[in-house]
Every structure is written in structure tokens, then in C-alpha cells.
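To find a chain, count down the sequence lines: A is the first, B the second, and so on, and within it residues start at 1.
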Number of protein chains: 2
Amino acid sequence: MPLHITLIEQLKNAGHRMTTTRREIIILLSECTAPITAMELLAQLKKRHRAVNKTTVYRELDFLQAQQLIHVVQFGEGHKHFELAETEHHHHLRCIKCERVEDVHVDNELRLAERQIRKKSRFKIMNHSLEFFGLCVQCQ
Amino acid sequence: MPLHITLIEQLKNAGHRMTTTRREIIILLSECTAPITAMELLAQLKKRHRAVNKTTVYRELDFLQAQQLIHVVQFGEGHKHFELAETEHHHHLRCIKCERVEDVHVDNELRLAERQIRKKSRFKIMNHSLEFFGLCVQCQ
DNA sequence: TTGACAAACGCAACTCAGTTGCATTATAGT
DNA sequence: ACTATAATGCAACTGAGTTGCGTTTGTCAA
């Protein structure tokens, strides 16, 4: 079962309306190989001849975030990037030259770090954001 | 020797002008206990009766970044935060309730992660950004 | 100390991402 | 098909960050 079908069913079952735009945005997000900004999403929709208003895109992203179906990734340059939360938790390698983003998993190492932090500072960690910047194989 | 004095001397020796505003901004940054945004910096300057133009603040931050005296920290909410680069490399714990930021050191654990990434993906890591979000002792 | 040059500055006008209020449209259940 | 309301479009707005240009100011050499 493709991921976007599951998500669409999930929303319907939770009693939410499934509009053409919402469906299209979910499909688009499920096809993304890297986190995408609101404006990039808007451009993609236009490309597919579904010219929606930017307000709608922002509101839809808010909605999907509230439903915990997507989450925010923040890179150094400033704009929020969104990706489906359904995908396994991971981190990103961002090439500073070609801007390409790869996924990477280093949670075992991080868990160690989190345990230390909890012990040392009594800070209760709920979430974290880890991004690496450097050069990908092609750009080195 | 206070940090800001060192930085001011360093800039002078490199042949850069030391204007009243530049000096004030460096001092202000050196007094910060947490990364600060451009607009916060602007507000602080106004408080000290040095009402500079926002353009100047942005240009000065660009300058200090080019001199590698400050670097950017990005939290989830969108705006760039700046802090002196002179301070030892570290990461941040950000309380999602009171917004307070604490510093934390977990580089040993991260080095392990970086080595693994280099081995697995041949990605050359130049830098990273790691922020933890959660509840500080007071807010739990 | 003064004068000259370039760096730094202020100002106004701009760009662009993101937001808000309100009127209109479309979805889902009856 | 009808209705209630969620979702949408539109226009106007906000606020961070940028740009061009004319003015001011720090530095250095005379």
C-alpha cells in the first residue's frame, strides 16, 4: 500500500474532509525525496496545473502539522522545510555546493548524548534537530 | 582580558575600522548568554540609547560573520540567531515553554556519528547543527 | 591638527515569506 | 438535492531582510 493512500485513509477516518488540494499536497509530499518549503510546494502544484493560493498551502501545512503527519526541518538558510513524519526518524546531510539533501541515521549515538544531557542538566528532551553540512560524493 | 576587548583589538589589527556602533555590537554580543536575533540586537541597542538603523545591524552581522567572529544558530521558529564564535563549540537545549536556551557539550558522541557517516556515505562533513528541544528544570 | 579617502552609516523604498479577515465554494452526511 | 461547516481564494497586511544612494565618520598620512 503506497504511503499517500494510507495517509489519506487515515485523515478520512479521523473525520477530516479530503479535498482535491489536500489530496494533491499529500501525494506531492509523499513523492519528495527531500524536505520541501511552502513556496516550493506551491510551485510544484502550479506545475501540475493545480494552481492553488499560497494561503491554502500554508494553511494545509499547518493542518498536516497539527495532525502530526508532517514535521518541520530547519536548514541554515532560513525557511522552514516540511517532510512526511511517517518516514522513519532520521537526520540530514546537506551538500553546501549542490544543495542536495541525503538522509542519514545516527540515533544510537544521539541517544547516548541525550542520556548524558538528562543526567547532567535535568533537561527533559522531547525532540531534537540535527543537520550536517558538507560536501557530497559528487561535489568533493 | 575580557573577550570583547580581544575581539576589538583583533579587528583593529586586521585593519578594520572600529566605529562606535561596531564596538557596541561586539560588547553586546559578548554579554549575551544565548544566541540573539538581528531584531533583538536592534532593540538592545535602542535600550542603550544607541538607536542605530536596522540596515546597519544587518550589515554589521554580515561583516562579523565574514570575519568569522560570529556564527549562525537556527532554531525551529525561523529567524537566524547569532552568537560569538569565540566561545567553545557547543550545542543548545531550548525550553519549549519558557524559551530559555542552555548550552551543552556532546561532541564526543557526535564525533562517533560523524565517523560513521563518513564511512557509510562518503559525505565530507564540514559543519553541523544540533539543537535539543524540551523542558528545562523549572518548567517540567 | 588637518585634509582626504574609503569604510561605515542612515534613509527610503523595496522584496518576499508568511498571516489575517472576510466573502465564497466545495465536501460529507442526511 | 439540501445543509452545515470545513476549506478556499482574494486582497490587504506584517515584518524580516535587502538595495541604492547620498552623507557621515574613522583612519592615516601629510
Between the CD atom in Glu24(B) and the CD1 atom in Ile26(B), the distance rounded to the nearest 0.5 Å is 10.5 Å

Salt bridge (charged side-chain N to carboxylate O under 4.0 Å, His left out) partners of Glu9(B), counting only residues at least two apart: none

Contact check, side chains of Ile8(A) and Arg23(A), non-hydrogen atoms, under 4.5 Å: yes

Would the distance check show the side chain of Gln65(B) and the main-chain N or O of Phe82(B) forming a donor-acceptor pair, the cut-off being under 3.5 Å? no

Between side-chain atoms of residues 29-40 of chain B and protein atoms elsewhere (two or more places apart, or another chain), which donor-acceptor pairs fall under 3.5 Å?
residue: Ser30(B); atom: OG; partner: Ile27(B); partner atom: O; Å: 2.7
residue: Glu31(B); atom: OE1; partner: Arg48(B); partner atom: NH1; Å: 3.4
residue: Glu31(B); atom: OE1; partner: Arg48(B); partner atom: NH2; Å: 2.5
residue: Thr37(B); atom: OG1; partner: Glu40(B); partner atom: N; Å: 3.1
residue: Thr37(B); atom: OG1; partner: Glu40(B); partner atom: OE1; Å: 3.4
residue: Glu40(B); atom: OE1; partner: Thr37(B); partner atom: N; Å: 2.8

Set of salt bridge (charged side-chain N to carboxylate O under 4.0 Å, His left out) partners for Glu60(B), sequence neighbours left out: Arg22(B)

Expected list for residues 28-40 of chain A near DNA chain D, using heavy atoms below 4.0 Å, is none

Validation row: Leu11(B), Gln67(B) side chains within 4.5 angstrom (heavy atoms): yes

Between Val73(A) and Lys80(A), is there a side-chain heavy-atom distance shorter than 4.5 Å? no

Using heavy atoms and a sub-4.0 Å distance, could you list which residues of residues 10-19 of chain B are near DNA chain D? By number, please. Arg17(B), Met18(B), Thr19(B)

Under 4.0 Å from a heavy atom of chain B: give me the 5'-most and 3'-most nucleotides of DNA chain D that qualify. dA16(D) to dT27(D)

Any chance you could lay out the side-chain contact (heavy atoms from CB on, under 4.5 Å) test for Glu102(A) and Phe123(B), step after step, and finish with the verdict? CA-CA 9 Å; Glu102(A) 296 177 37; Phe123(B) 192 96; 3.7 Å; yes

With sequence neighbours left out, write down each residue that passes salt bridge (charged side-chain N to carboxylate O under 4.0 Å, His left out) with Glu131(A), or none if nothing qualifies. none

The criterion is side-chain hydrogen bond (donor to acceptor under 3.5 Å, both in side chains); which residues satisfy it with Thr55(A), sequence neighbours excluded? Asn53(A)

In the structure I gave you, are the side-chain heavy atoms of Asp103(A) and Leu93(A) within less than 4.5 Å of one another anywhere? no

Is it true that Met18(A) and Val57(A) fall in one hydrophobic cluster, defined by side-chain heavy atoms closer than 4.5 Å? yes

Residues at least two apart in sequence or cross-chain that pass ring-ring contact (aromatic ring centres under 6.0 Å, His included) with His4(A), listed by chain then number, are none

Contact boundaries on DNA chain C for chain A, cut-off under 4.0 Å to non-hydrogen atoms: dA17(C) to dA28(C)

Looking at side-chain heavy atoms only, is the closest gap between Leu41(A) and Leu61(A) below 4.5 Å? yes

Hey, what bend do you get for the helix from dT1(C)-dA30(D) to dT30(C)-dA1(D) if you fit axes on five pairs at each end, rounded to 10°? 30°

May I ask you to decide if His79(B)'s main-chain N or O and His81(B)'s side chain share a donor-acceptor pair within less than 3.5 Å? yes

Can you tell me if CZ on Arg50(B) sees more than 12 non-hydrogen neighbours from other groups inside 6.0 Å? yes

Any residue of residues 52-60 of chain A with a heavy atom less than 4.0 Å from an atom of DNA chain D: Val52(A), Asn53(A), Thr55(A), Thr56(A), Arg59(A), Glu60(A)

